[in-house]
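Worksheet: one structure, shown below.
It should be emphasised that the depicted structure is a prediction, and the values quoted were computed from it without experimental measurement. Starting from 1, each residue takes its place in the sequence as its number.
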Amino acid sequence: MKLLFLNGPNLNMLGIREPDIYGRQTYEDLKQYIRDFCKELGVEECGIFQSNHEGALVDAIQDAYGKFDGIVINPAAYTHTSVALLDALKAVGLPAVEVHLSDVSRREDFRQVSYVRPACCKTIAGHGFAGYKLAAEHLAALHAGHRKQ
Ligand code: DQA
């Protein structure tokens, strides 16, 4: 199984950015955490990409077509604004899980809307880094199920 992990704007600032909400671990720590659990889960290839630019994230989703079996995406602020990311996820049709470090359901009203959610098979929020692992486990179970059919 090949998984792509996408992170949106300001997630490169983890550790510095609002540590009371997002914790003190850095984006480098997150990348290492993802690589470690991917090894553990037997993920054959893990792509990790972060961008502050909506179009770069759209390009990354499109490039995943034919290369990856699933996408774990934390679109960050673009969650609440981006029809382009929704359309890109729908276009490639890969199973995708939406992840948020914080529990967005308990935050501001504007964070209650997710444009990408209709293109995702699951949303995981409020579990910090562990949310990415839970998402990968979900995609691994889906992938194993599909292969059995
Ligand atoms: C976030 C939540 C978003 O509302 C916010 O804009 C982010 C991070 C999270 O991981 O909790 O940048 O996606």
Side-chain angles (χ1 to χ4, degrees), residues 1-82 84-86 88-89 92-108 111-112 114-147:
M1 184 183 55
K2 297 176 183 176
L3 291 182
L4 176 62
F5 294 81
L6 290 179
N7 285 295
N10 301 306
L11 289 168
N12 56 318
M13 295 292 284
L14 284 178
I16 297 166
R17 170 189 191 201
E18 300 180 273
D20 292 350
I21 298 173
Y22 299 112
R24 297 209 174 266
Q25 284 183 291
T26 65
Y27 184 64
E28 282 304 313
D29 294 334
L30 176 61
K31 287 200 290 186
Q32 195 53 52
Y33 175 76
I34 291 171
R35 284 189 213 106
D36 288 347
F37 75 65
C38 278
K39 245 184 227 157
E40 216 179 275
L41 296 176
V43 173
E44 136 194 25
E45 189 182 328
C46 95
I48 306 175
F49 179 71
Q50 186 276 332
S51 180
N52 295 325
H53 305 277
E54 189 176 16
L57 294 164
V58 170
D59 287 343
I61 293 169
Q62 290 185 5
D63 287 346
Y65 184 75
K67 284 192 202 143
F68 289 96
D69 302 303
I71 298 175
V72 175
I73 182 165
N74 182 346
Y78 291 138
T79 308
H80 319 299
T81 62
S82 181
L85 289 181
L86 169 68
L89 289 168
V92 297
L94 290 167
V97 177
E98 174 189 6
V99 170
H100 301 284
L101 294 161
S102 66
D103 184 356
V104 277
S105 71
R106 291 172 175 269
R107 297 183 63 193
E108 301 95 324
R111 292 185 209 275
Q112 304 313 311
S114 168
Y115 279 78
V116 300
R117 200 155 300 169
C120 295
C121 53
K122 197 177 172 71
T123 297
I124 298 167
H127 294 272
F129 283 11
Y132 291 79
K133 186 178 180 189
L134 294 169
E137 285 169 346
H138 181 77
L139 291 173
L142 264 186
H143 189 65
H146 283 153
R147 275 193 310 192

Taking all non-hydrogen atoms of both residues into account, name the closest pair between [X] and [Y] and its distance.
{"X": "Ala96", "Y": "Leu139", "answer": "N-CD2, 4.3 Å"}
{"X": "Glu54", "Y": "Leu85", "answer": "O-CD2, 4.2 Å"}
{"X": "Ile71", "Y": "Ala64", "answer": "CD1-CB, 4.1 Å"}
{"X": "Phe49", "Y": "Ala60", "answer": "CD2-CB, 3.8 Å"}
{"X": "Pro75", "Y": "Pro9", "answer": "O-CD, 3.6 Å"}

Ignoring hydrogens and angles, tell me if any N or O in the side chain of [X] forms a donor-acceptor pair with the backbone of [Y] under 3.5 Å.
{"X": "Asn10", "Y": "Asn52", "result": "no"}
{"X": "Asp103", "Y": "Ala125", "result": "no"}
{"X": "Asp29", "Y": "Thr26", "result": "yes"}
{"X": "Ser82", "Y": "Thr79", "result": "no"}

When rounded to the nearest 0.5 angstrom, what distance separates [atom1] in [X] from [atom2] in [Y]?
{"X": "Arg107", "Y": "Ile21", "atom1": "CZ", "atom2": "CD1", "answer": "4.0 Å"}
{"X": "Met1", "Y": "Leu142", "atom1": "CE", "atom2": "CG", "answer": "10.0 Å"}
{"X": "Leu3", "Y": "Asp69", "atom1": "CG", "atom2": "CG", "answer": "7.0 Å"}
{"X": "Tyr33", "Y": "Cys38", "atom1": "OH", "atom2": "SG", "answer": "10.0 Å"}
{"X": "Leu14", "Y": "Gln25", "atom1": "CG", "atom2": "CD", "answer": "9.0 Å"}
{"X": "Leu89", "Y": "Gln62", "atom1": "CG", "atom2": "CD", "answer": "10.5 Å"}

Go through it in stages, so that I can follow the logic: the residues are Val99 and Phe5, the test is side-chain contact (heavy atoms from CB on, under 4.5 Å), and I'd like the CA-CA distance, side-chain angles, deciding distance and then a yes or no.
CA-CA 10 Å; Val99 170; Phe5 294 81; over 6 Å; no

Does Phe37 CZ have over 12 foreign heavy atoms under 6.0 Å away?
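It does: Phe37 CZ has more than 12 such atoms within range.
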
What I'd like to find out is whether the side chain of [X] reaches to under 4.5 Å of the side chain of [Y], using heavy atoms alone.
{"X": "Asp36", "Y": "Gln32", "result": "yes"}
{"X": "Arg17", "Y": "Asn12", "result": "no"}
{"X": "Leu30", "Y": "Gln50", "result": "no"}
{"X": "Leu94", "Y": "Leu4", "result": "no"}
{"X": "Leu57", "Y": "Ile73", "result": "no"}

Please state whether the rings of His100 and His80 are parallel, tilted or perpendicular, taking 30° and 60° as the class boundaries.
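The arrangement is parallel - the two ring planes meet at less than 30°.
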
Check the pair Phe68, Val92 against side-chain contact (heavy atoms from CB on, under 4.5 Å), reporting the backbone distance first and the verdict last.
CA-CA 10 Å; Phe68 289 96; Val92 297; over 6 Å; no

Between Ile48 and Tyr132, is a side-chain contact (heavy atoms from CB on, under 4.5 Å) present by the stated rule, with each step listed?
CA-CA 12 Å; Ile48 306 175; Tyr132 291 79; over 6 Å; no

Please assess Thr123 against Val104 for the test side-chain contact (heavy atoms from CB on, under 4.5 Å), listing each intermediate value before the final yes or no.
CA-CA 11 Å; Thr123 297; Val104 277; 6.0 Å; no

